[in-house]
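The next block holds one structure in the form of structure tokens; read it before the comments.
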Amino acid sequence: MGSTNRLRRSGMPQPGTPSPVSPDSPVSRPKDHYEVLVVGGGNAGISLAARLQRYGVRDIAIIEPRSHHLYQPLFSHIAGGTAKPADAVRPQSRVMPRGVAWIQGEVTGVQQDALTVALSSGASLRYDNLVVCPGIQKDWDAVPGLAQAMASPFGGSNYEFELAPKAWDLLRQLRSGTVVFSQPPGPATCAGAAQKPMYLACDYWRAQGVLDDIRVVLIVPTPTVFGMPLIDEELNRKIAEYGIELRCDSELAEVDPEGRSVVVRNMADGTDERLPYDVLHAVPPQSAPDWLKTSALSADGDPDGWVEVDPETLRHARFPSVWSLGDAAGTRNSKSGAALRMQTTVLAKNLKAVRKGRNPRKKYNNYSACPFTVSRSTVVFSEFDDRYRPKPTVPGWKNLARERRLTWLLERRVLPQVYWKLILRGRA
């Protein structure tokens, strides 16, 4: 919810103008009070509201300004040419749980002592329980020149819906030159997704017979390409197969969009390297929305502004009527949709218990997952905890962690249908 203003200030392409609300849309004239008020109508907010309904909660409202709902895991496939933009978008009105009020507005602040949420329209809503899940903010301005590079004819990204098809246009048209892919330091949503379009593009260039004429550089902030030995082994094998130059312990320090070059900083020794590029595929640093950073909901001294929750129960550490999950929550896990799916169940069951006067006992176990699309028909599937130790949920996980066609079919074909038909309905 916080990234649109950043795009506007940066001069980057902005999301399309929201379509007018149709007469039969579930957008609601807000009451002044709800039992459960959810901030954010993405994966977290929709799936949680649907699950709470199944648990008997009837008075729920979701605050969400966007008119369209996006399935973000497909952005990588759009940027890599294995999906179309239409595959990843639905009208917000179609995914809202029936009976849940949709308030199409933007949050500007929370007054937790008064149990109220302020909207940009000037309205103020009261709640018994507040769930904060507005998603994550892409801080394009945090790297000098990065926003301008994305607005130029030579930049694209799988982290914005509007930039993903542009990224594929640039990658598929390239026949020689240098492409730089970057992954930001610090917490990010599905951080490994920064690499996915790179592998998809390399496989495409190989099929076109031009891979040997393209220099591919990958910048990652971590000591290894991912952080788990088995996954590192698989990814390093593909990196060698495609001839990718890997820069570990590194970050994108600045971009010269006019001269088409980047400065890559080695975070271990502080040295800089300037690289030219013909195409830049970048992922920006990320943080909580600005309004959340300045609220009392984040922990003192947390520059990223995450909601201060008990990482197991997902209840606020200081305000018992506030809960949080997803990218904006101050949990220990790697932020991902797979993590969110487990968090949704935990939070819903704990809120259900509190409504009945019991203590929240369900605990989130820091699980996360990342499927790496390492070719146009195979995936390396990683499941892990907050310390990047294997945390398999599927029998025979070690075989699934190897490059497989089966996991491609699961990630590209099955999971999108599970998302639209089950997860958003609180059933998976």
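Everything numeric in this text was worked out from a predicted model, so none of it was measured.
The neighbour count for R341 CZ, taken as heavy atoms of other residues, nucleotides or ligands under 6.0 Å away, does not exceed 12. Around atom CZ of R427, no more than 12 heavy atoms belonging to other residues, nucleotides or ligands sit under 6.0 Å away.
Looking at residues two or more places apart in sequence or on another chain, you find no side-chain hydrogen bond (donor to acceptor under 3.5 Å, both in side chains) involving T178. Residues satisfying the side-chain hydrogen bond (donor to acceptor under 3.5 Å, both in side chains) criterion with D269, sequence neighbours excluded, are T271. Among residues two or more places apart in sequence or in another chain, the side-chain hydrogen bond (donor to acceptor under 3.5 Å, both in side chains) test is passed with D232 by T224. Residues passing the side chain to side chain contact (heavy atoms under 4.5 Å, CB included) test with T294, sequence neighbours excluded: none. Every residue two or more places apart in sequence or in another chain that forms a side chain to side chain contact (heavy atoms under 4.5 Å, CB included) with A114 is listed here: Q111, T116. With sequence neighbours left out, P371 forms a side chain to side chain contact (heavy atoms under 4.5 Å, CB included) with K196, V379, F381, E411. With sequence neighbours left out, Y367 forms a side-chain hydrogen bond (donor to acceptor under 3.5 Å, both in side chains) with E383. Residues passing the side chain to side chain contact (heavy atoms under 4.5 Å, CB included) test with P85 are I78, F161, P165, sequence neighbours excluded. Applying the ring pair (Phe, Tyr, Trp, His ring centres under 6.0 Å) test to F372 and every residue at least two apart in sequence or in another chain returns F226.
The minimum heavy-atom distance linking S67 with W102 is given by the pair CA-CH2, 4.3 Å. For the residue pair Y55 and A348, the shortest heavy atom distance occurs at CE1-CB, 3.6 Å. The two residues I136 and S287 have their closest heavy-atom pair at CG1-O, 3.4 Å. Between L74 and P416, the shortest heavy-atom contact is CD2-CG, 4.3 Å. For the residue pair L200 and T82, the shortest heavy atom distance occurs at CD1-OG1, 3.9 Å.
In this structure, R332 contributes its side chain and E312 its backbone to no donor-acceptor pair below 3.5 Å. Checked by atom type and distance alone, the side chain of R412 never pairs as donor or acceptor with a backbone atom of H77 at under 3.5 Å. For the pair R126 (side chain) and L115 (backbone), a donor-acceptor distance under 3.5 Å is absent. The main-chain N or O of G270 is never found under 3.5 Å from a side-chain atom of R265 such that the two would form a donor-acceptor pair. Side chain of N129 to backbone of W323: no donor-acceptor contact under 3.5 angstrom is found. A distance-only check finds no donor-acceptor pair linking the side chain of E245 to the backbone of V216 [under 3.5 Å]. Formation of a donor-acceptor pair under 3.5 Å by the H316 side chain with backbone atoms of V307 is not found in this model. Put simply, the side chain of Y277 never gets that close to the backbone of F154: no donor and acceptor are under 3.5 Å apart. In this structure a side-chain-to-backbone donor-acceptor pair under 3.5 Å is missing from T378 to V374.
Looking at heavy atoms from C-beta onward, D139 lies out of side-chain contact with P284 at the 4.5 angstrom threshold. Side chains of M342 and T393 form a contact here, defined as non-hydrogen atoms less than 4.5 Å apart. Side-chain contact check for C133 versus V38: some heavy-atom pair is nearer than 4.5 Å. Q286 is not listed as a side-chain neighbour of K335, based on a closest heavy-atom distance of 4.5 Å or more. For the pair Q148 and W140, the minimum side-chain heavy-atom distance is 4.5 Å or more. No side-chain heavy atom of S321 sits under 4.5 Å from any side-chain heavy atom of L130. Within the 4.5 Å cutoff, side-chain heavy atoms of W420 are placed close to those of H69.
Note: Q183 CD to H281 NE2 = 11.5 Å, rounded to the nearest 0.5 Å. Annotation: the span from N350 atom CG to Y364 atom OH amounts to 14.0 Å, rounded to 0.5 Å. Between atom CG of residue N366 and atom NZ of residue K391 there is a gap of 7.5 Å, rounded to the nearest 0.5 Å. Residue I244 holds its CD1 atom at 8.5 Å from CD of Q195, rounded to the nearest 0.5 Å. The structure places CG of L146 at 7.0 Å from OG of S182, a figure rounded to the nearest 0.5 Å. Considering OG of S250 and CD of E273, their distance stands at 8.0 Å, rounded to 0.5 Å.
Residues N333 and Q343 bring a donor and an acceptor atom of their side chains to less than 3.5 Å of each other.
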Show me, pair by pair, the donor-acceptor contacts under 3.5 angstrom made by side chains of residues 296-305, not counting sequence neighbours?
from : atom 1 : to   : atom 2 : distance (Å)
S298 : OG     : S295 : O      : 3.4
D302 : OD1    : D304 : N      : 3.0
D302 : OD2    : W306 : N      : 3.1

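Applying the salt bridge (charged side-chain N to carboxylate O under 4.0 Å, His left out) test to residues at least two apart or on different chains, the pairs with a partner in residues 34-61 are K31-D59, E35-R355. For the salt bridge (charged side-chain N to carboxylate O under 4.0 Å, His left out) condition, the pairs that include at least one residue of residues 251-261, sequence neighbours left out, are E254-R274, R260-D278.
A salt bridge does not link K84 to D87: none of the charged nitrogens lies less than 4.0 Å from a carboxylate oxygen.
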Worked verdict on K166 versus D169 for salt bridge (Lys or Arg N to Asp or Glu O under 4.0 Å): CA-CA 5 Å; K166 178 188 176 188; D169 284 343; over 6 Å; no

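Taking the six-membered ring for Trp and thresholds of 30 and 60 degrees, F384 and Y388 have nearly parallel ring planes, at less than 30 degrees apart.
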